[in-house]
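All chains are named by letter (A, B, ...) in the order of the sequence lines, taking the proteins before the strands, and each is independently numbered beginning at 1. Computed over heavy atoms, backbone and side chain alike; hydrogens, waters and symmetry mates excluded.
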Number of protein chains: 2
Amino acid sequence: MKDEKPTSFDIAHLAGVSQPTVSRALRNSPLVSEETREKIQAIAKKLNYQVDINARNLRSKETKTLALLLCEDPGTDDSLINPFFLSMLGSITRASGKMGYDLLISFQQQSGDWNADYENAHRADGIIFLGYGDYITYMEKIAHLDRMGAHFITWGPVLAKQPGHFIGCDNLNSAYLSIKHLTDLGHKKIAFLGIASEHRPEFNQRYQGYVKALLEAGLIVNPKLQIDADTSEEMGYEATIELLKGKLQFDAIFGASDLIAIGAIKALQEHGKRVPEDVAVVGFDNIPTASYTNPPLTTVQQDTKLAGELLVDNILKLIRGEDVSSILMPAKLIIRDSCGAHLP
Amino acid sequence: MKDEKPTSFDIAHLAGVSQPTVSRALRNSPLVSEETREKIQAIAKKLNYQVDINARNLRSKETKTLALLLCEDPGTDDSLINPFFLSMLGSITRASGKMGYDLLISFQQQSGDWNADYENAHRADGIIFLGYGDYITYMEKIAHLDRMGAHFITWGPVLAKQPGHFIGCDNLNSAYLSIKHLTDLGHKKIAFLGIASEHRPEFNQRYQGYVKALLEAGLIVNPKLQIDADTSEEMGYEATIELLKGKLQFDAIFGASDLIAIGAIKALQEHGKRVPEDVAVVGFDNIPTASYTNPPLTTVQQDTKLAGELLVDNILKLIRGEDVSSILMPAKLIIRDSCGAHLP
DNA sequence: TTAACCAATGAATACGTATGTATTATGGGG
DNA sequence: CCCCATAATACATACGTATTCATTGGTTAA
């Protein structure tokens, strides 16, 4: 800036009072008389005065800032972000702004040194994690933060034993609903595209929902109909190719994320399979693209707006020292054309 | 945090040196002997010491932080963000991280009081604006910041007389290429969906490209084929309905953004028009969804990754006091099925 | 031998705010 | 008329770092 920024001393001088009085007046302290406060605030406005955030933070030991750490896989393409997380990001940004907090965002490679964390450096009052990638690796870092007594909250799978606090989708029941929809329509050989291991608990929970729905419909669970695939169109595509190459029959595919399902549709159509006539497909996330695929994708919608608000509300509670517990968020099935009508 | 954070004094005490020596050692100052530096750094590591960012910023008067202000229309839906800007956001985040800067993000209503800006409050060293909405209103705020000597850079339309520095797409030539593609295919009655006024210079530039291409192809420009539409699927849909209701013939639509084009395709198909057989459609932005519409959308791709890097590079130059000039970025046409083959 | 010099470090201080404590003025109750 | 409570303000200081200036001890050159 061209002209030197005015300080509280400048205002004090102009108002004929002391600096502490200015500090108090600007924060509407009851210790200052109304008359003085008005005079000071008028001068501050005229000078276009803004509190120096660093000085305030240094003194008061809080920052009114939240950090959002988006943890990515090492291999992630430089310019792509999972659209689902983008949606969460938007919602978190708004929610924190509404609560008077600034938001610092940072993308972290999972392998990176983000244990040199923000809060420790007084940079943020709390941290929101939005992570994907390997759960086990991830938990080590989380556990470390927890031991240090950091304020943080995580979007992710809610499990029985976890350090810290989580907010996450009710993956099991949401997947269950999707699969039940398929079995209700008469599908009997349903493939699961997604990694089902402890390294990807969200997917694992969805797999459990898949199993539950199959058993409930009196169908057998064939492990060969589960193909590993991570969240990307390419992985979904390749997993489907693998499925097509195998000799197993299948009449439906559950993609553990929309990107996987979209890749699956592409692979199916390129190999002469019609969707949904030959193979029905359902996804998970309801990313914006899901309603534009051909056919439009039946999928599970997570309420990202609510999720973002809850993440912010809860991290603020933690900062205030209040107690919070993990939250499991219900999701709902959005039925579109990709799973067709009841089979004959 | 549970245990009190260690300060440079703690380290100094343990190392048997003074605090300034610690400060210097941790920043690898040549004023400190190698032996001392190593000892100090070892202790710092053991204590898990992190510099207090607020104290450092207060003292050194810089923050190593950039602010990203995303300016929205007043009416914007709470949870939706234009996918194009999300892509920019991702790219800017990465670029600033790579340069060692943190990124503070904030969504601002255009009517809001974001002139009480971050830099003034020592919160960021510079500001990147990612704005849409009314250009005139917007410029007033920009001009004010410029008068105050703030460091900022803006993504937006590059015009002849502007305060501050801009980076933006070469809208005119990009739109020209799209329209030329349509005229080359034999289309003669091409509608323009988008606001063509000084309040939306990006669209206005695209309109000029549209006019240029038409004239060059020896076609007449019919103002009634230009329908106002802002960037949203709904607006594109409604504008197309308006077009369909009029008596004018048209064989192609240029949507000034992908969302507009997507809304147009929906409206056309709902009214029995085939795309591209009856009406060809092209868009602008190449948002992720564009390749999944039915038919896939021919559109203009902007290099958001490069744009993000340039924005960050240039704001850092401004912060360092170096000179920068506005940049016009070329875009390229992505040809998909929505404009079909050459007309008979 | 001594002055000059350099490397390494310490001492003192500034950055701008917020807050605990001391001070002054004012008014009311006895 | 005096004492005490209260309101309003000033004074002094802490927050943790970075930087300027002063100091020390050792080395080199004349």
Side-chain angles (χ1 to χ4, degrees), chain A residues 1 3-41 43-44 47-65 116 118-125, chain B residues 1 3-41 43-44 47-65 116 118-125:
Chain A
M1 318 294 275
D3 38 6
E4 290 307 306
K5 295 174 196 62
T7 72
S8 50
F9 282 98
D10 297 330
I11 296 179
H13 186 244
L14 287 173
V17 298
S18 69
Q19 178 271 328
T21 300
V22 172
S23 172
R24 285 189 256 259
L26 293 177
R27 282 170 305 131
N28 296 314
S29 161
L31 292 176
V32 176
S33 74
E34 193 171 340
E35 185 193 12
T36 309
R37 183 188 340 126
E38 281 171 4
K39 181 169 60 178
I40 289 175
Q41 292 188 342
I43 294 176
L47 292 190
N48 209 8
Y49 170 81
Q50 289 286 117
V51 175
D52 184 304
I53 279 296
N54 294 310
R56 164 177 288 176
N57 292 347
L58 174 60
R59 176 64 227 232
S60 62
K61 299 201 161 209
E62 63 171 9
T63 65
K64 287 283 178 182
T65 299
Y118 287 103
E119 196 191 21
N120 207 13
H122 279 277
R123 211 166 177 124
D125 297 334
Chain B
M1 318 294 277
D3 39 2
E4 290 306 307
K5 296 171 195 66
T7 71
S8 50
F9 282 98
D10 297 328
I11 296 178
H13 186 243
L14 287 172
V17 299
S18 68
Q19 177 270 331
T21 301
V22 172
S23 172
R24 285 188 261 256
L26 292 178
R27 281 170 306 132
N28 297 315
S29 160
L31 293 176
V32 176
S33 74
E34 194 172 338
E35 184 191 12
T36 309
R37 186 193 332 131
E38 281 170 5
K39 181 167 61 176
I40 289 176
Q41 292 188 342
I43 295 176
L47 292 191
N48 207 11
Y49 170 82
Q50 290 285 116
V51 175
D52 184 303
I53 275 299
N54 294 310
R56 165 177 286 177
N57 291 347
L58 174 60
R59 176 62 229 232
S60 61
K61 298 200 164 208
E62 65 170 5
T63 65
K64 287 282 178 184
T65 299
Y118 287 103
E119 196 190 23
N120 207 14
H122 279 277
R123 206 160 185 127
D125 297 335

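Note on B:K61: a side-chain N or O is less than 4.0 Å away from OP1 or OP2 of C:dG16. Put simply, B:R59 has no side-chain N or O that comes within less than 4.0 Å of OP1 or OP2 on C:dA14. Within the 4.0 Å cut-off from OP1 or OP2 of C:dT19, not a single side-chain nitrogen or oxygen of A:S60 is found. In terms of phosphate contacts, A:R24 brings no side-chain nitrogen or oxygen within less than 4.0 Å of OP1 or OP2 of D:dT9. Contact between the side-chain N/O atoms of B:T21 and the OP1/OP2 oxygens of C:dG10 is found at a separation under 4.0 Å. Of the side-chain N and O atoms in A:Y49, one or more sit less than 4.0 angstrom from OP1 or OP2 of C:dT17. Contact between the side-chain N/O atoms of B:S8 and the OP1/OP2 oxygens of D:dT17 is found at a separation under 4.0 Å. For B:T7, no side-chain nitrogen or oxygen approaches OP1 or OP2 of D:dC15 to under 4.0 Å.
In this structure, CZ of B:F9 is placed 11 Å from C1' of C:dA11, rounded to the nearest angstrom. As rounded to whole Å, 13 Å separates atom C1' of D:dC21 from atom CG of B:L31. What separates CD of A:E35 from P of C:dT26 is a distance of 13 Å, to the nearest Å. The interatomic distance linking A:N57 (CG) with C:dA18 (C1') rounds to 12 Å, in whole Å. With rounding to whole Å, B:L26 atom CG is found 13 Å from D:dT19 atom P. To the nearest angstrom, C1' of C:dA18 lies 15 Å from CG of A:N28. The distance from atom CD of B:E62 to atom P of D:dT19 is 9 Å, rounded to the nearest whole Å. Rounded to whole Å, atom P of D:dA14 lies 20 Å from atom NZ of B:K5.
For B:Q19 against D:dA18, a side-chain-to-base donor-acceptor contact under 3.5 Å is present.
If you check every strand for non-hydrogen atoms under 4.0 Å, B:S18 touches a base. Using a 4.0 Å heavy-atom distance criterion, A:V17 is classed as a sugar-phosphate-only contact. When heavy atoms are screened at a 4.0 angstrom cut-off, A:S23 is found touching base atoms of the nucleic acid.
In terms of position on DNA chain D, the residue among A:R37 and A:L58 whose nearest nucleotide sits closer to the 5' end is A:R37. Closest-nucleotide positions on DNA chain C for B:A55 and B:E34 were compared, and the one nearer the 5' end corresponds to B:E34.
B:I11 contributes atom CD1, which lies 10.0 Å from atom CD of B:Q19 (distance to the nearest 0.5 angstrom). A distance of 8.5 Å separates OG in B:S33 from NZ in B:K39, rounded to the nearest 0.5 Å.
Taking the side chain as every heavy atom from C-beta outward, B:N28 and B:R37 approach each other to under 4.5 Å. Residues B:Y49 and B:D10 fail the side-chain proximity criterion, which asks for heavy atoms closer than 4.5 Å.
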### Criterion side chain to side chain contact (heavy atoms under 4.5 Å, CB included) on B:T7 and B:D52, from CA distance to verdict
CA-CA 8 Å; B:T7 71; B:D52 184 303; over 6 Å; no
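Checking C:dT17, D:dT9, C:dA11 against every side-chain atom of A:D52, the shortest atom distance belongs to C:dT17. Checking C:dT17, C:dT9, D:dT9 against the side-chain heavy atoms of A:R56 singles out C:dT17 as nearest.
Of the residues listed (B:N54, B:D125, B:N57), the one engaging B:T63 in a side chain to side chain donor-acceptor pair (under 3.5 Å) is B:D125, and it is the only one.
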